[in-house]
Amino acid sequence: MSTSQRFGSDAVEHAEAVLVEHYPRLVRLAYLTLPDSLGRHTRVLLAHKAVQRALPRSGTTAGPGRHLALVRSRVLRATLAPAGPAGTTWARIGRPPVPPFVWGLRLWPPAGGIDEAAQTLSGAPAPVRAAFVLLRLDDLAEDEAVRLLGRAGTADPAGAVRDALALPVGEELLRALRRPEFDASVVSARPTDLLRRRRRARACWAGLATLALTLTVLSVHGSRPGPDVQPAAGSAAASGALDPARLQRVSAGTWSDTARVDFTAWPARGGRSGDRDLLARALRTWAAPGTTPVTTTPGTTAEPPAQPPQLLYAGALDGRAVVLMRDGDRVVRYGETTTGSGGGRTLDVTRTDDAGVTTAAALTLSRAPDGASARYLLAPWIATAAARDLLRAGDTGHPLDVAADGVTGTAAVPPAGGSCASWPVLELTSSTRIVEKHSFVLADLGSLSPVHLTYTPLPDGPAAAPARQPREVTGPEARAAWARQACRLGELRGGAYRAVNVWDFAAAQLPDGAGRAVWSCTRASGWAGPGDVTVRLSLETGTPQDVVRARSTAACGRFGQHLLAGFRWRSPAGRWYLLAAGSRQVAGIAATGAVRAGAPARTLAAPWTGPDGAVSLTGTLAGGGTVTALDGAGGGRD
């Protein structure tokens with residue numbers, strides 16, 4: 001006999017009571033499930049809208065005592081609707097839902113963990129993010145989470161739950177999200193730029209008047225635009241994006257009073273930030289470069305801004321004037337000689353998607369003609385800066401002079417080629433107003449934005465233990481690991497990378513007395529999401545040996561934690577072996593093909609006595625399932 005029933009008015013009232021009681025949790029579920037590409041303001045509005053519209057109507061079917069499950073499923077159904085790539089398809093409804101309109105205000109969640117959680121979950125599919133909230137924050141059982149996701153229309157709810165359980169989210173963040181004083185439904189509000197809003201309103205009315213006049217003229221004369229019309233530059237000019245007076249400027253103290261510590265919090269700095277002529281030349285060159293050399297990182301466009309960009313810096317350095325501007329997820333650097341005529345112009349554009357405390361900590365302002373040194377503009381939350389040699393684990397470095405406007409003195413940069421006698425890096429320390437005792441390392445790889453370096457140590461404890469998290473390259477173990485691989489960073493020059501992590505995932509004694517070896521995976525994560533990885537084997541002495549490479553892969557990252565790699569290795573005694581190693585959850589390795597061998601462990605060393613040939617490696621996971629060996633195609637979990 002069915003136990004479902006139709007909701008009458010009393011049942012709807014019960015559902016309303018449940019919704020009100022659990023409102024903060026439901027908003028948290030909606031906020032973290034919605035695509036991060038929407039931006040915090042829109043996500044906050046849509047999260048509240050999804051929850052408030054989750055109240056069932058009379059006649060809705062639900063089992064007794066299932067009011068909360070029904071409300072949760074309705075919230076999930078609304079927030080999982082944007083199921084296309086990057087959350088842009090909105091397959092279920094054909095278009096994005098219109099958020100509530102809040103005139104003159106920008107809203108965002110307060111500090112306390114939810115934005116950090118959103119950034120940690122960035123890149124995971126929406127069903128996986130939803131499953132993470134249900135399992136780790138709402139403490140639902142796995143089967144209940146599977147049922148809820150299935151009711152919300154998820155194609156593979158069991159897979160989403162499995163992937164959510166594998167997410168490497170630290171307990172400290174989970175505790176922050178669970179604290180009673182942290183209410184996800186509370187928002188902070190600030191007004192938008194009042195003067196700019198007033199100017200836009202006036203410009204809007206003027207634009208409407210112009211449009212009306214133009215339509216009248218066209219209706220009389222039947223005019224049509226000719227083939228030489230170039231709308232791109234015109235669009236930028238029409239929107240006021242090329243007007244230096246309309247550049248966005250952030251106040252100096254914004255960074256210490258916001259939950260979004262990134263380039264949006266950078267104030268306008270530099271001795272020429274009020275030089276209207278310089279700013280106008282920079283904007284005109286951006287819109288129409290002409291013969292000006294333009295450099296863009298892979299996957300970045302140099303198209304002019306549609307709206308006035310944010311001014312980050314304008315000043316004179318080493319015989320050149322430099323202007324830095326931000327337009328959405330791009331930062332642009334304009335340079336010219338300081339002759340007053342704007343000669344020797346250059347334009348550089350880089351991506352900055354989802355930059356944060358570390359990846360928005362510095363930008364390259366200028367380089368010496370010989371390329372041996374550079375000056376940087378540091379974020380306003382950086383308290384101290386030092387330069388040290390990454391090749392020398394014991395190097396304590398030396399302080400780097402930083403001017404009041406955030407510009408550093410000249411610092412050595414890594415060599416562009418030839419010998420690698422040293423590898424200079426920046427070690428920056430955040431202000432205690434952001435976080436206490438937080439230092440991190442950036443490496444200059446020739447781009448406008450330096451790369452954040454991190455290190456993940458060897459697994460500690462059984463396979464069931466939580467995955468170890470990347471840490472800053474400031475401790476002895478991290479310094480030693482990077483000292484072995486610093487010179488290999490030169491291979492990443494010219495790429496659109498935001499961070500590079502060295503993950504020591506296995507260690508073993510090698511045959512024939514070759515000593516202890518460490519298996520590591522170096523992942524260079526791109527601004528767009530995918531990363532390039534190289535697995536290497538490092539002996540106690542000598543240069544690390546490459547095992548395998550893969551491009552545009554999730555391997556060795558948050559969503560590619562299971563790893564298996566192997567190769568043919570020659571010992572000091574001249575004998576050949578098949579060496580293989582897996583990550584912490586690999587409980588056994590089997591080899592077939594030219595070598596047939598197996599081991600009930602994370603590492604394998606088997607004699608290669610037969611002829612050359614292909615070898616297939618399969619790893620058995622402690623939690624069930626298998627993983628194949630990483631290869632040029634990425635490998636992966638079966």
Novice: With a 4.5 Å cut-off on side-chain heavy atoms, are Thr300 and Arg330 touching?
Specialist: yes

Novice: State whether a side-chain donor-acceptor pair under 3.5 Å links Thr408 with Asp401.
Specialist: no

Novice: So which heavy atom on Val357 is nearest to which on Trp381, and how close?
Specialist: O-NE1, 3.1 Å

Novice: Looking at Thr553 and Ala550, would you say the former's side chain and the latter's main chain have a donor-acceptor pair under 3.5 Å?
Specialist: no

Novice: Side-chain contact test, heavy atoms from C-beta onward, threshold under 4.5 Å: evaluate it for Thr364 versus Arg333 and give yes or no.
Specialist: yes

Novice: List the steps and the verdict of salt bridge (Lys or Arg N to Asp or Glu O under 4.0 Å) for Glu472 and Lys437.
Specialist: CA-CA 11 Å; Glu472 305 298 351; Lys437 298 180 181 179; over 6 Å; no

Novice: If you look at every heavy atom in Val535 and Cys521, which pair is closest and at what distance?
Specialist: CG2-SG, 4.1 Å

Novice: Does any pair with a residue in residues 385-394 pass side chain to side chain donor-acceptor pair (under 3.5 Å), and if so which ones, sequence neighbours excluded?
Specialist: Arg388-Glu427, Asp389-Arg392

Novice: Backbone N or O of Thr79 within a donor-acceptor pair of the Thr33 side chain at under 3.5 Å?
Specialist: no

Novice: Salt bridge (Lys or Arg N to Asp or Glu O under 4.0 Å) between Arg147 and Glu144: does it pass, once the steps are laid out?
Specialist: CA-CA 5 Å; Arg147 285 196 298 270; Glu144 189 175 359; 5.1 Å; no

Novice: Take Arg575 and Asp512 through the side-chain contact (heavy atoms from CB on, under 4.5 Å) test and state the conclusion after the steps.
Specialist: CA-CA 8 Å; Arg575 286 186 282 267; Asp512 297 342; 3.1 Å; yes

Novice: When Leu489 is tested against each of Val451, Asp444, Leu390 for side chain to side chain contact (heavy atoms under 4.5 Å, CB included), which residue passes?
Specialist: Leu390

Novice: What's the verdict on side-chain contact (heavy atoms from CB on, under 4.5 Å) for His438 and Thr429, showing C-alpha distance, side-chain angles and the deciding distance?
Specialist: CA-CA 6 Å; His438 178 226; Thr429 302; over 6 Å; no

Novice: If we only count heavy atoms from C-beta on, is the Thr620 to Val586 side-chain gap below 4.5 Å?
Specialist: no

Novice: If every non-hydrogen atom of Leu564 is compared with every non-hydrogen atom of Gly619, which pair is closest and at what distance?
Specialist: CD2-N, 3.3 Å

Novice: Does Arg326 make a cation-pi contact with Phe263 (under 6.0 Å, within 45 degrees of the axis)?
Specialist: no

Novice: Between Arg136 and Glu142, does a salt bridge (Lys or Arg N to Asp or Glu O under 4.0 Å) hold up when you go through it step by step?
Specialist: CA-CA 10 Å; Arg136 306 295 298 276; Glu142 293 182 36; over 6 Å; no

Novice: Are Asp504 and Arg484 close enough, and set up right, to give a salt bridge (Lys or Arg N to Asp or Glu O under 4.0 Å), and what steps lead you there?
Specialist: CA-CA 12 Å; Asp504 288 345; Arg484 294 193 300 265; 3.6 Å; yes

Novice: Is the cationic atom of Arg523 (NZ for Lys, CZ for Arg) positioned less than 6.0 Å from the six-membered ring centroid of Trp503 and within 45 degrees of its normal?
Specialist: no

Novice: Can you find a heavy atom in the side chain of Arg351 that is under 4.5 Å from one in the side chain of Ser449?
Specialist: no

Novice: Is Val349 close to Val331 at the side-chain level, that is, under 4.5 Å between some pair of heavy atoms?
Specialist: no

Novice: Please identify each residue that fulfils ring-ring contact (aromatic ring centres under 6.0 Å, His included) with Trp482, with sequence neighbours left out.
Specialist: none

Novice: Determine whether the side chains of Arg536 and Gln485 contain a donor N or O and an acceptor N or O closer than 3.5 Å.
Specialist: yes

Novice: Between Thr618 and Ile589, is any pair of side-chain heavy atoms under 4.5 Å apart?
Specialist: no

Novice: For the pair Thr522 and Val500, evaluate side-chain contact (heavy atoms from CB on, under 4.5 Å) and give the outcome as yes or no after the intermediate values.
Specialist: CA-CA 7 Å; Thr522 301; Val500 183; 3.6 Å; yes

Novice: Taking side chain to side chain donor-acceptor pair (under 3.5 Å) as the definition, give me every residue that meets it alongside Thr358, ordered by chain and number, with sequence neighbours left out.
Specialist: His452

